[in-house]
Amino acid sequence: MALRAKLLGTGRAVGPTCLTNDDLCRIVDTTDEWIVSRTGIRERHIVGSGDDLCTSDLCTEAGRKALAAAGLEPSDLDLILVGTVTGDCKFPATAVFTQAKLGARNASAMDIAAACSGFVYGLELADALIRTGQKKHVLLIGAEVLTSMVDWTDRGTCVLFGDAAGAAVLGPSDDETGVLSTYTKSNGELAELLWAPGCGTLRRLSPESLANKDHLIHMQGRHVYVNAVKCMADATQQAMDRAGLTPADVDLLIPHQANIRIIEATCERFGFPLEKTMINVDRYGNTSAASIPIALDEALEMGRIHKGQVALMTVFGGGFTWAASALRI
Ligand code: ACO
């Protein structure tokens with residue numbers, strides 16, 4: 001049995017169309033100043049309706065890069081996990097389309113529906129399966145094309161989101177590197193504060209549900225904001241406690257990139273300086289389940305975190321779900 005799962009390689013893919021705040025000013029009544037001051041977002045990369053790409057295409061591109069970084073072939077994978085709530089279709093899972101596109105013929109594949117927390121939820125699962133020896137090599141992906149379910153007339157939500165996939169290949173570790181702790185939590189009593197209620201069995205697809213825009217994102221922004229700060233702080237503390245870490249032991253905080261003010265509030269609570277915090281929300285917006293893995297991939301690429309150092313990932317999202325994990329690179 002392995003001691004834990006470790007990171008073997010990462011990769012990312014982003015939507016091909018860049019949408020700036022000025023572009024959004026032509027769609028809804030907003031300003032660059034409002035968006036930047038309230039969210040920190042300057043531009044996002046989206047999959048436009050003319051781009052002819054679906055979620056599994058982003059997963060496949062990110063997955064190929066992660067496999068190349070790990071020095072592994074698709075046939076080496078035992079499991080593909082995709083955290084997403086904007087899959088290619090209702091069923092089967094986006095993970096199986098990704099499996100087919102990669103040619104990962106030895107893997108099983110399934111999705112995890114935990115909204116923004118999907119990647120860290122998947123990390124807990126992958127770590128457990130690798131520790132017990134049930135799986136050896138897991139491709140874990142967080143991917144979202146949330147702009148496919150944005151109401152482009154709602155200025156309170158349409159300015160927030162971008163489309164991307166981030167991937168990590170995980171394998172067994174027998175040394176000090178790898179997943180030091182995970183923590184996951186949810187509270188379904190607050191589900192209606194951030195959801196897309198239509199098109200399932202709750203409110204079936206009908207002319208009325210379409211007219212009500214039930215299939216699009218509905219969000220109570222203020223409530224989401226308050227809960228995000230509270231829950232990301234809870235998750236951060238829990239992940240540090242479980243790994244026996246203090247904030248001083250964390251070399252890089254990788255928070256969910258939803259909003260710069262949520263990130264700053266989380267840092268402030270633990271005394272994490274912004275220099276020790278990964279921030280790319282200005283360039284990508286909120287990419288939900290992809291946010292943490294694309295930030296991790298960029299942090300490694302930029303040399304913000306090195307082998308042997310500790311990254312702490314913390315996230316909050318629809319459900320509500322929240323989670324954190326300490327990872328020694
Ligand atoms: N441009 C200009 N004005 C706007 C815009 C916009 N894009 N959006 C909202 N407004 C207006 C509102 O209409 C409102 O005007 P009114 O007072 O005349 O009614 C005013 O700004 C204030 O609206 P609020 O919603 O109260 O603004 P708030 O300061 O809360 O900021 C925001 C809104 C940025 C959405 C904030 O609530 C937030 O960040 N919440 C967290 C949401 C989030 O990150 N969700 C992502 C999914 S969950 C996750 O990933 C954590």
Side-chain angles (χ1 to χ4, degrees), residues 14-55 57-58 84-90 113 115-116 118 143-165 190-228 256-262 281-291 316-320:
V14 300
T17 302
C18 183
L19 195 64
T20 64
N21 290 350
D22 286 339
D23 294 330
L24 283 164
C25 293
R26 289 188 276 277
I27 300 173
V28 285
D29 180 15
T30 190
T31 61
D32 176 61
E33 194 279 329
W34 193 97
I35 300 171
V36 172
S37 63
R38 303 294 176 108
T39 71
I41 302 167
R42 294 181 184 277
E43 63 183 33
R44 65 290 286 145
H45 297 265
I46 70 162
V47 177
S49 50
D51 285 328
D52 194 26
L53 283 174
C54 55
T55 309
D57 292 318
L58 295 178
T84 189
V85 290
T86 50
D88 291 8
C89 52
K90 239 169 164 358
C116 303
E144 222 75 82
V145 182
L146 269 181
T147 62
S148 66
M149 38 192 308
V150 155
D151 178 356
W152 292 102
T153 67
D154 176 9
R155 65 181 181 171
T157 54
C158 76
V159 302
L160 301 177
F161 301 107
D163 304 327
L190 301 179
E192 294 178 21
L193 295 175
L194 174 57
W195 69 336
C199 293
T201 53
L202 177 66
R203 296 186 198 167
R204 294 187 188 199
L205 183 61
S206 68
E208 291 73 33
S209 75
L210 283 176
N212 286 340
K213 299 184 177 179
D214 287 342
H215 56 299
L216 302 179
I217 297 171
H218 296 255
M219 180 180 75
Q220 305 289 322
R222 263 305 150 81
H223 292 291
V224 172
Y225 181 89
V226 169
N227 280 282
H256 175 44
Q257 307 287 314
N259 180 310
I260 191 68
R261 293 183 300 151
I262 297 175
V281 67
D282 51 325
R283 288 176 289 118
Y284 296 117
N286 182 349
T287 59
S288 184
S291 148
F316 172 85
F320 289 142

Looking only at atom types and distance, does a side-chain atom of [X] sit under 3.5 Å from a main-chain N or O of [Y], one as donor and one as acceptor?
| X | Y | answer |
| --- | --- | --- |
| Asp51 | Val47 | no |
| Arg42 | Val36 | no |
| Asn286 | Phe161 | no |
| Ser209 | Gly198 | no |
| Arg38 | Arg261 | no |
| Gln220 | Leu193 | no |
| Asp163 | Leu146 | yes |
| Ser291 | Gln257 | yes |

Checklist entry - Passes side-chain contact (heavy atoms from CB on, under 4.5 Å), Leu24 versus Leu19? Steps please. => result CA-CA 7 Å; Leu24 283 164; Leu19 195 64; 4.0 Å; yes
Taking all non-hydrogen atoms of both residues, which atom of [X] and which atom of [Y] are closest, and how far apart?
| X | Y | result |
| --- | --- | --- |
| His45 | Tyr284 | CD2-CD2, 3.8 Å |
| Thr157 | Asp151 | OG1-O, 4.3 Å |
| Cys116 | Phe316 | CB-O, 3.4 Å |
| Ala115 | Ser288 | C-OG, 3.7 Å |
| His218 | Lys213 | NE2-O, 2.7 Å |
| Pro197 | Arg203 | CG-NH1, 3.6 Å |

Item to check | Any donor-acceptor N or O pair under 3.5 Å, side chains Glu144, Thr287 | outcome: no
Next on the checklist: Within this structure, what is the CD-SG distance for the pair Glu43 and Cys18, rounded to the nearest 0.5 Å?
Outcome noted: 4.0 Å
Checklist outcome for this item: Between the CG atom in Leu202 and the CZ atom in Arg204, the distance rounded to the nearest 0.5 Å is 10.5 Å
Checklist outcome for this item: Quick note, side chain to side chain donor-acceptor pair (under 3.5 Å) partners involving residues 23-35, not counting sequence neighbours, are Thr20-Asp23, Asn21-Asp32, Asp23-Arg26
Would you call [X] and [Y] a side-chain contact if the rule is heavy atoms closer than 4.5 Å?
| X | Y | value |
| --- | --- | --- |
| Asp57 | Cys54 | yes |
| Leu205 | Asp214 | no |
| Leu160 | Met219 | yes |

Item to check | Arg283 atom CZ: more than 12 heavy-atom contacts under 6.0 Å | outcome: yes
Item to check | Trace of the side-chain contact (heavy atoms from CB on, under 4.5 Å) decision for Ile41 with Asn259 | outcome: CA-CA 7 Å; Ile41 302 167; Asn259 180 310; over 6 Å; no
